[in-house]
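Structure record follows, encoded as structure tokens.
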Amino acid sequence: MFRTHHCNSLHKSDIGRQVTLAGWVNVTRDHGGVIFIDLRDRQGLTQVVFRPEENAELAKQAHTLRGEDVIQVSGAVAARPPGTENPNLATGDIEIIPNELRILNRADPLPFPLDAEPQNEDLRMTHRYLDLRRPRFARNLRIRHRAAKATRDYLDSQGFVEVETPILSKSTPEGARDFLVPSRVTPGKFYALPQAPQQYKQLLMVAGVEKYFQIAKCFRDEDLRADRQPESTQIDIEASFVTPDDIFAVTEGMLAAIFKAARDIDIKTPFDRLTYREALDRYGSDKPDRRFEMEVVEVGEIFRNSSFKVFRGTLDAGGVVKAFNGKGFAGITIGQADELTEIAKLHGAKGLAFIKVENGEWKSPIVKFFSDAEKTALQSELNIEEGDCVFFAADKWEIACQVLGRLRLRIAEMQKLMPAGETWNFLWVTDFPLIRTRTNGTRCIIHSLDPKPKTCRCLTRRNFLRFAPRLTTLF
RNA sequence: GGAGCCUUAGCUCAAUUGGUUAGAGCGCCGCCCUGUCACGGCGGAGGUUGCGGGUUCGAGCCCCGUAGGCUCCGCCA
């Protein structure tokens, strides 16, 4: 047998047992005499102790071991001397006293440390097999595995049938550019890779499958972003003879099953629901982060007859005036104000108006244009108090929402409003528009959800999820 | 297609206003070290500051170009 146990499985009850382990040298602690090796395999770590007085030849070999050497060790499980147990290690009560050491493969010096989060993506990709050895990846791969298994088990229990659909297919009229694969048999012709299994699942519905799902790869040949990649995986579901509430319930149940299986987390169902319109109005985003407050408020009515031309002019032209209160942010620095102004301009605003409240005084170049009645109304509408900083956007509805949504997120970061640790805040965003107007004025029908990996990253990092069911996609 | 930022030792970073021989931690090599778990101690090697040009008495630092990377806009949703 190559190995008798994995590196997480030996405990006090195994003391005296003769075992064989195999894996990578995680770290060496060479005291000149006694040498400690942490041996790592896919399951965990086990300490191996070489003592020259017990086996001089083995100790001599052990001196030469370096990080990531691959070895096989046979020996006896022994109790650690009292006081030297390591409570941070699952196998911290025991250690291996080897009588045999086989060095299976020596490792070159590492191009980057495995125990720190490497910055250089290029380097990580060049040595991907090393990158994947880091505990975070081992963990993520298993979370993904358990999530996929829970998805299949749950949807199976609900009567859904998993169907694989073709990857080589014909281009479909969705918005994104297709990846193209040249056909050998028909020169000059190309296959397209699917942006989503849209046509196929609708075909299955017409064919009477009634309940279909697939863990589907989707491809889009568009320029990259931090939260976008050219291929991604989505859980694709289609059902016949159902109501929207049926789909909400199935999806909530599936997510609960996934979180339980993958992370042992119990999530609260049913989820809150917000319409698309409401999400933009209150949070300036179709994927609102509701882990903190700072809601956007419509203040247009206050300035309907204002003498402040910027607001009045926007309203007269059919635009809106919206604002939110950055609680306790009157200490905003010039650098922060500049950055926020840049963000506002980047998303279409002409500038950024804000009011600081310090020493009972409203400080801003625009305050002098406000009447007392307007100030009173603002104060009550936005709950303005000493130390606050109120941010305004006056523009077309979409732009005002987007600008304030971006500012809201950045200010939350500046003020560290996101709760530390894991919090889960699920939300359905419903009633998405079915037709989208591009910036060049042309319009297109929205066919399917954008399967952004940010949604996946949210699971592990930002801890909130966006779901936007649309009738065209789900029913 | 466009814009911004970045590029200094194997890795992560530093280097005052343009000024001596470009430093530190980790890693690597050597020596020492018998209970560590990020072991410790002493010593050493390792650099065309991405590349090309320019300004200057003098450039890691300023300017121009170029390559690569990251982020954003367009695009995508």
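A, B, ... follow the sequence lines: proteins, then strands. Residue 1 opens every chain. Remember, predicted model here, so these are calculated numbers, not experimental data.
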Item to complete: Consider only side-chain N and O atoms of A:Gln234 and A:Asp236, and report whether a donor and an acceptor are under 3.5 Å apart.
Response: yes

Item to complete: Could you check A:Asp272 against A:Arg290 for salt bridge (Lys or Arg N to Asp or Glu O under 4.0 Å), going step by step and ending with a plain yes or no?
Response: CA-CA 11 Å; A:Asp272 287 350; A:Arg290 301 199 310 160; 2.7 Å; yes

Worksheet entry | Span that lies between the C1' atom of B:A67 and that of B:A24, in whole angstrom | 30 Å

Worksheet entry | Span that lies between the C1' atom of B:C13 and that of B:G18, in whole angstrom | 22 Å

Please write out each protein N/O paired with an N/O of nucleotides 39-44 of chain B under 3.5 Å, distance rounded to 0.1 Å.
from  : atom 1 : to      : atom 2 : distance (Å)
B:C39 : OP2    : A:Arg29 : NH1    : 3.2
B:C39 : N4     : A:Asp30 : O      : 2.4

Worksheet item: Taking the six-membered ring of A:Phe248 as reference, does the NZ or CZ atom of A:Arg273 fall below 6.0 Å from its centre and within a 45° cone about the axis?
Response: yes

Fill in: For RNA chain B, stems built from three or more consecutive Watson-Crick or G-U wobble pairs below 3.5 Å
B:1-7 with B:67-73, B:10-13 with B:23-26, B:28-32 with B:40-44, B:50-54 with B:62-66

Discussion item. When the P atoms of B:G53 and B:C61 are compared, how many Å lie between them, rounded to an integer?
Written reply: 14 Å

Worksheet entry | Distance in angstrom units between A:Asp122 CG and B:A67 C1', rounded | 13 Å

Fill in: Pairwise distance CD1(A:Ile35) to OG1(A:Thr28) - rounded to 0.5 angstrom
8.5 Å

Worksheet entry | Heavy-atom donor-acceptor pair, A:Glu162 side chain to A:Tyr212 backbone, under 3.5 Å | no

Discussion item. Could you tell me how far B:A22 sits from B:G50 if I compare only their P atoms? Round to whole Å.
Written reply: 15 Å

Worksheet item: Which nucleotide in the list B:C75, B:U34, B:U12 gets nearest to the side chain of A:Glu53?
Response: B:U34

Fill in: Selection from B:C73, B:C29, B:U36 that lies nearest to any side-chain heavy atom of A:Arg66
B:C29

Practice prompt. Sequence neighbours left out, what pairs pass ring-ring contact (aromatic ring centres under 6.0 Å, His included) with at least one residue falling in residues 273-297 of chain A?
Written response: A:Tyr276-A:Phe432

Worksheet item: Got a salt bridge between A:Arg66 and A:Asp69, using NZ or NE/NH1/NH2 to carboxylate O under 4.0 Å?
Response: no

Discussion item. The side chain of A:Asn86 is closest to which nucleotide in this list: B:U12, B:U36, B:C37?
Written reply: B:C37

Worksheet item: Roughly how far apart, to the nearest Å, are B:C42 and B:U8 at atom P?
Response: 29 Å

Worksheet item: Which part of the nucleic acid, if any, lies within reach of A:Glu95 when heavy atoms closer than 4.0 Å are counted: base, sugar-phosphate only, or nothing?
Response: base

Fill in: Nucleic acid contacts - residues 67-83 of chain A versus RNA chain B, non-hydrogen atoms under 4.0 Å
A:Arg80, A:Pro81

Worksheet entry | Length of the CG-C1' vector between A:Asp93 and B:U36, whole Å | 16 Å

Fill in: Whole angstrom value for the distance that separates P of B:C11 from CG of A:Leu130
13 Å

Discussion item. Among residues at least two apart in sequence or on other chains, which ones pass side chain to side chain donor-acceptor pair (under 3.5 Å) with A:His63?
Written reply: A:Asp30

Worksheet entry | Integer-rounded Å distance: B:C76 C1' and A:Arg177 CZ | 9 Å

Fill in: Value in whole Å for how far the P atom of B:U36 lies from CZ of A:Phe50
18 Å

Discussion item. Suppose you measure atom P in B:G54 against the same atom in B:A9; what distance do you get, rounded to whole Å?
Written reply: 25 Å

Worksheet entry | Polar contact flag, side-chain donor to acceptor under 3.5 angstrom, A:Gln214-A:Thr165 | yes

Worksheet item: P atom, B:C63 versus B:C29: distance in rounded Å?
Response: 42 Å

Worksheet item: Can you tell me how far the CE atom of A:Met414 sits from the CG atom of A:Leu409, to the nearest 0.5 Å?
Response: 12.0 Å

Discussion item. Check for me whether A:Arg42 meets the cation-pi criterion with A:Trp24, that is, NZ or CZ under 6.0 Å from the six-membered ring centre and within 45 degrees of the ring axis.
Written reply: no

Discussion item. Regarding A:Thr20 and A:Arg102, do their side chains bring together a donor and an acceptor under 3.5 Å, going by distance alone?
Written reply: no

Item to complete: Nearest whole angstrom, please: distance from the P of B:A38 to the CG of A:Leu45.
Response: 11 Å

Item to complete: Could you check how far CZ of A:Phe219 sits from P of B:C75, rounded to whole Å?
Response: 24 Å

Practice prompt. Please determine if A:Lys211 forms a cation-pi arrangement with A:Phe160, meaning its NZ or CZ atom is less than 6.0 Å from the six-membered ring centre and no more than 45° off the ring axis.
Written response: yes

Would you tabulate the pairs of protein nitrogen or oxygen atoms and nucleotide nitrogen or oxygen atoms of nucleotides 1-10 of chain B closer than 3.5 angstrom?
from  : atom 1 : to       : atom 2 : distance (Å)
B:G10 : O2'    : A:Pro111 : O      : 2.9

Worksheet item: Can we say A:Asp178 and A:Arg220 salt-bridge, meaning some charged N sits less than 4.0 Å from an Asp/Glu carboxylate O?
Response: no

Worksheet item: Strictly by modelled atom types, are A:Arg40 and A:Thr46 linked by a side-chain donor-acceptor pair under 3.5 Å?
Response: no

Worksheet entry | A:Asp115 CG - B:G25 P separation (whole Å) | 17 Å

Response to the item:
Of A:Glu85 and A:Gly33, the one whose closest nucleotide on RNA chain B sits nearer the 5' end is A:Gly33

Practice prompt. Determine, for A:Arg133 against A:Glu68, whether the closest basic-nitrogen to carboxylate-oxygen distance falls under 4.0 angstrom.
Written response: yes

Practice prompt. By nearest nucleotide on RNA chain B, pick out whichever of A:Asn88 and A:Glu222 is the more 5' one.
Written response: A:Asn88

Practice prompt. Between B:G25 and B:A45, how far apart are the P atoms? Round to whole Å, please.
Written response: 15 Å

